[in-house]
S.K.: 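Supplied in structure tokens, the structure appears directly below.
No experiment lies behind these values; they were computed from the predicted model shown.
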Amino acid sequence: MPSYLGLDGFRFGWVAAWIDERGDHGFDYAPGLTRLLAMPHKRAMIDMPIGLKMEGYRVCDVRARELIGPAVFLGARRNLWTFPDMAAANEHYWQRNDKGVSSQLWNIRDKIREVDDVMTPQRQAMIGEAHPELIFWNLAGTKKLDRKTSAAGREQRIELLEKRGFAKIRKWLTQRHGTGIGRDDLIDACACAVAARDSTRHVGDDEIDPRGLRMEINY
């Protein structure tokens with residue numbers, strides 16, 4: 001039975017949630033992407049930039065930020081991981097009258113590189129980029145939810161996932177202890193799996209990066 005895969009990064013690696021067309025669902029985690037992406041799937045969505053510019057902001061990030069605000073990080077670039085520290089990266093960009101890099105984006109640079117290393121235009125036919133907060137915004141009827149770090153916001157997101165078939169999400173949240181997987185990481189992976197199954201919309205104006213990868217965010 002074809003399954004739909006959602007992936008999100010966490011401190012020690014990646015967490016993946018899957019759901020199939022019968023409603024069976026599960027989650028797994030690993031230090032790297034290779035084994036998780038080898039799981040049979042019809043479509044996958046990952047919460048990490050796919051398609052990178054060398055300078056400036058991606059249109060899809062700007063459009064997504066217009067819809068849901070600062071939860072969308074700006075400035076993903078292919079050379080980000082080549083700098084020794086964030087100060088050196090920002091000095092490089094500022095000298096070229098370019099935009100700086102946020103600490104949030106800097107902290108996930110190795111995971112951005114890991115995704116970039118495995119992506120090809122051919123693989124992008126099955127593996128797309130998604131953003132959990134954009135997915136939840138869409139599932140809620142394009143309404144803004146409470147903050148994801150608040151008890152009320154977390155409950156809103158869990159209820160939306162339960163309505164889309166993730167009946168075990170509350171149990172899973174009690175089973176993650178000792179793995180390093182945060183509550184929000186697992187919730188976000190489930191959201192990406194929902195998008196892998198259901199998404200027909202994206203933001204981005206058909207920008208293509210130098211490697212031929214589309215820069216778009218699905219939701």
S.K.: Flag the pair R197 and D20 as a salt bridge only when some basic side-chain nitrogen lies within less than 4.0 angstrom of an acidic carboxylate oxygen.
M.R.: no

S.K.: Okay, side chain of R43, backbone of D198: is any donor-acceptor separation there less than 3.5 Å?
M.R.: no

S.K.: Are the side chain of D188 and the backbone N or O of P132 linked by a donor-acceptor pair below 3.5 Å?
M.R.: no

S.K.: Using a 4.5 Å cut-off on heavy atoms from C-beta on, say whether the side chain of W137 contacts that of K143.
M.R.: no

S.K.: So do the side chains of L67 and T142 get within less than 4.5 Å of each other, counting heavy atoms only?
M.R.: no

S.K.: In this structure, are over 12 heavy atoms from other groups packed under 6.0 Å from K148 atom NZ?
M.R.: yes

S.K.: Determine, for R170 against E162, whether the closest basic-nitrogen to carboxylate-oxygen distance falls under 4.0 angstrom.
M.R.: yes

S.K.: For R176, does the CZ atom sit with more than 12 other heavy atoms under 6.0 Å from it, leaving out its own atoms?
M.R.: yes

S.K.: Just checking, K111 and W14: is the charged tip under 6.0 Å from the six-membered ring centre and within 45° of the axis?
M.R.: yes

S.K.: Would you please name every residue forming a side-chain contact (heavy atoms from CB on, under 4.5 Å) with E21, sequence neighbours left out?
M.R.: M1, P2, Y4, K42

S.K.: What pairs with A44 under side-chain contact (heavy atoms from CB on, under 4.5 Å), at least two apart in sequence or on another chain?
M.R.: L5, L7, H41, I127

S.K.: Under the 4.5 Å side-chain heavy-atom rule for ILVMFWY, direct or indirect, which residues accompany Y57?
M.R.: V62, L74

S.K.: Check ring-ring contact (aromatic ring centres under 6.0 Å, His included) between W172 and all other residues, then give those that pass, not counting sequence neighbours.
M.R.: H25, F27, F166

S.K.: May I ask you to say whether R157 pairs ionically with E133, meaning some side-chain N is under 4.0 Å from a carboxylate O?
M.R.: yes

S.K.: Any side-chain heavy-atom pair from R35 and D28 closer than 4.5 angstrom?
M.R.: yes

S.K.: Of R58, K53, R78, which is the lone residue that meets salt bridge (charged side-chain N to carboxylate O under 4.0 Å, His left out) with D209?
M.R.: R78

S.K.: I'd like to know whether R154 forms a salt bridge (Lys or Arg N to Asp or Glu O under 4.0 Å) with D146, so could you lay out the CA-CA distance, the side-chain angles of the two residues, the decisive distance to 0.1 Å, and finally the verdict.
M.R.: CA-CA 8 Å; R154 188 169 292 115; D146 291 327; over 6 Å; no

S.K.: For R113, check side-chain contact (heavy atoms from CB on, under 4.5 Å) against everything at least two apart and list the hits.
M.R.: W81, D117

S.K.: Got a donor-acceptor contact below 3.5 angstrom from the S199 side chain to the A196 backbone?
M.R.: no

S.K.: Is there a side-chain contact between W18 and M39 in this structure, where contact means two heavy atoms from C-beta onward sitting under 4.5 Å apart?
M.R.: yes

S.K.: Taking side chain as C-beta onward, heavy atoms only, is R65 less than 4.5 Å from D61?
M.R.: no

S.K.: Using 4.0 Å as the upper bound for N to carboxylate O, is an ion pair formed by R77 and D98?
M.R.: yes

S.K.: Over all heavy atoms of both residues, which pair between A189 and D8 is shortest? Give the atoms and the distance, please.
M.R.: N-CB, 4.1 Å

S.K.: Looking only at heavy atoms, which two atoms of V203 and R63 are closest? And how far apart?
M.R.: CB-CB, 4.0 Å

S.K.: Quick one: list whatever passes ring-ring contact (aromatic ring centres under 6.0 Å, His included) with F10, sequence neighbours left out.
M.R.: none

